[in-house]
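This one's a predicted model, so the numbers in the text were calculated from it and none came from an experiment.
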Amino acid sequence: MNKIYLLLGSNMGNSRKRLAEAILHIEKKIGDVIRQSSVYQTAAWGKRDQADFLNQVIVIKSNFTAEQIMQTILTIETKMGRVRNKKNDPRIIDIDILYYNKIILERNNLIIPHPAIQARRFVLVPLNELAPLFIHPLFMKTNHRLLQECEDTLDVKKIK
């Protein structure tokens with residue numbers, strides 16, 4: 001059984017509802033959600049003239065390969081109404097694979113661990129909530145250490 005860390009994000013419509021809906025699709029199509037971080041609000045990354053994002057990290061167990069999970073994620077995003085136009089545009093839902101076990105994988109459309117984990121507080125804060133001692137397989141540093149060293153200054157606020 002594989003252990004996978006996913007980042008969910010939304011800044012269109014009822015974002016909290018979108019995150020919950022994505023979790024239901026993931027449980028139905030990919031595997032069991034075994035842990036969920038709190039939900040966090042963050043200013044949009046890269047293109048700031050848009051609504052804030054809500055983000056959440058979940059941990060799932062699945063028998064699927066990383067490639068199968070990526071394909072299923074793309075299907076879920078499309079089913080939920082995501083349209084890919086420009087990079088960093090508003091999104092109904094965004095689902096990223098952060099870690100897949102402790103593997104390092106580079107394919108045309110899939111890089112694991114996600115190449116921007118260490119640069120984004122909106123990823124590291126919820127990831128640190130769930131797995132502060134998990135060691136990034138490329139940098140050989142814990143998520144907690146990556147968060148301490150992160151130069152991103154965007155405010156990440158826990159939502160109740």
Side-chain angles (χ1 to χ4, degrees), residues 3-62 64 66 69-100 109-134 136 142-160:
K3 187 174 185 180
I4 302 102
Y5 290 81
L6 301 177
L7 174 71
L8 312 178
S10 174
N11 76 334
M12 291 177 69
N14 184 337
S15 293
R16 191 154 200 149
K17 184 178 176 184
R18 300 277 189 234
L19 298 180
E21 183 182 344
I23 289 170
L24 291 175
H25 285 294
I26 289 164
E27 286 188 311
K28 186 175 180 182
K29 301 284 185 184
I30 300 174
D32 294 330
V33 175
I34 58 171
R35 296 195 61 209
Q36 299 180 37
S37 75
S38 301
V39 175
Y40 293 86
Q41 180 179 350
T42 310
W45 172 271
K47 190 175 178 186
R48 297 189 182 195
D49 62 337
Q50 59 183 303
D52 287 354
F53 272 83
L54 292 187
N55 292 291
Q56 182 177 29
V57 169
I58 63 171
V59 184
I60 64 171
K61 292 270 189 174
S62 177
F64 293 137
I69 291 172
M70 190 69 232
Q71 277 306 119
T72 306
I73 284 171
L74 294 173
T75 301
I76 291 169
E77 288 178 339
T78 300
K79 182 175 184 174
M80 289 183 65
R82 176 161 182 187
V83 177
R84 292 176 186 270
N85 290 321
K86 294 180 187 168
K87 186 174 175 77
N88 296 326
D89 267 357
R91 292 181 282 292
I92 286 175
I93 193 67
D94 186 30
I95 306 170
D96 293 323
I97 300 173
L98 300 176
Y99 297 120
Y100 180 96
N109 61 345
L110 181 59
I111 300 173
I112 300 174
H114 190 286
I117 290 172
Q118 72 285 353
R120 298 177 177 169
R121 286 181 49 77
F122 69 86
V123 176
L124 287 167
V125 170
L127 193 55
N128 188 61
E129 179 186 328
L130 295 181
L133 301 179
F134 184 90
H136 190 293
T142 64
N143 288 322
H144 182 71
R145 180 57 167 246
L146 292 173
L147 178 58
Q148 288 178 321
E149 294 175 357
C150 183
E151 295 180 12
D152 176 15
T153 59
L154 288 180
D155 195 26
V156 179
K157 293 181 240 172
K158 187 187 287 190
I159 303 294
K160 295 199 177 202

**Item:** Working for side chain to side chain contact (heavy atoms under 4.5 Å, CB included), residues L6 and I60
**Value:** CA-CA 8 Å; L6 301 177; I60 64 171; 3.9 Å; yes

Quiz prompt | Pair listing, side-chain hydrogen bond (donor to acceptor under 3.5 Å, both in side chains) test, anchored in residues 26-39, at least two apart | solution =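 Of all non-adjacent pairs touching residues 26-39, those that pass side-chain hydrogen bond (donor to acceptor under 3.5 Å, both in side chains) are Q36-Q56, S38-E129.
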
From [X] [atom1] over to [Y] [atom2], what is the distance, rounded to the nearest 0.5 angstrom?
X: T72; Y: K79; atom1: OG1; atom2: NZ; answer: 12.0 Å
X: N128; Y: H144; atom1: CG; atom2: NE2; answer: 6.0 Å
X: R82; Y: I73; atom1: CZ; atom2: CD1; answer: 11.0 Å
X: F122; Y: L127; atom1: CZ; atom2: CG; answer: 12.0 Å
X: R121; Y: L146; atom1: CZ; atom2: CG; answer: 12.5 Å
X: I69; Y: I97; atom1: CD1; atom2: CD1; answer: 5.5 Å

List in chain and number order the residues that pass side chain to side chain contact (heavy atoms under 4.5 Å, CB included) with [X], two or more places apart in sequence or in another chain; answer none if no residue qualifies.
X: M80; value: R18, E21, A22, H25, I76, I93
X: A119; value: none
X: A43; value: D52, L154
X: D155; value: K157

Stepwise side chain to side chain contact (heavy atoms under 4.5 Å, CB included) check, Y99 with I4 | CA-CA 6 Å; Y99 297 120; I4 302 102; over 6 Å; no

Output all residues satisfying side-chain hydrogen bond (donor to acceptor under 3.5 Å, both in side chains) with [X], sequence neighbours left out; order by chain, then residue number.
X: Y5; answer: none
X: D96; answer: none
X: R145; answer: E149

Notebook entry, point to check: What are the two closest non-hydrogen atoms of R91 and F53, and how far apart are they?
Noted result: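 R91 and F53 have their closest heavy atoms at NH2-CZ, 3.5 Å.
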
| request: Heavy atoms only: give me the nearest A66-I112 pair and the separation to one decimal. | output: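 In terms of heavy atoms, the two residues are closest at CB-CD1, 3.6 Å.
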
Margin query: Which residue in the set I58, L124, V57 passes side-chain contact (heavy atoms from CB on, under 4.5 Å) when paired with L98?
Written below: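 The single option meeting the side-chain contact (heavy atoms from CB on, under 4.5 Å) with L98 is V57.
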
Would you mind reporting whether [Y] and [X] have side-chain heavy atoms less than 4.5 Å apart?
X: V39; Y: N55; value: no
X: I159; Y: R16; value: yes
X: L7; Y: H114; value: no

Can you name the residues that form a salt bridge (charged side-chain N to carboxylate O under 4.0 Å, His left out) with D152, not counting sequence neighbours?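 Expected list: none.
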
Query raised in the report: Going through the checks in order, is the side chain to side chain contact (heavy atoms under 4.5 Å, CB included) test met by Q50 and N11?
Result: CA-CA 8 Å; Q50 59 183 303; N11 76 334; 2.8 Å; yes

Q: Would you please test L130 and V59 for side chain to side chain contact (heavy atoms under 4.5 Å, CB included) and show each step?
A: CA-CA 8 Å; L130 295 181; V59 184; 3.8 Å; yes

**Prompt:** Does I30 offer a backbone N or O that forms a donor-acceptor pair with the side chain of S62 under 3.5 Å?
**Reply:**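 Confirmed, S62 side chain pairs with I30 backbone.
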
Notebook entry, point to check: Is S10 reaching over with its side chain to a backbone N or O of L19, donor-acceptor style, under 3.5 angstrom?
Noted result: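 Checked: no pair found.
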
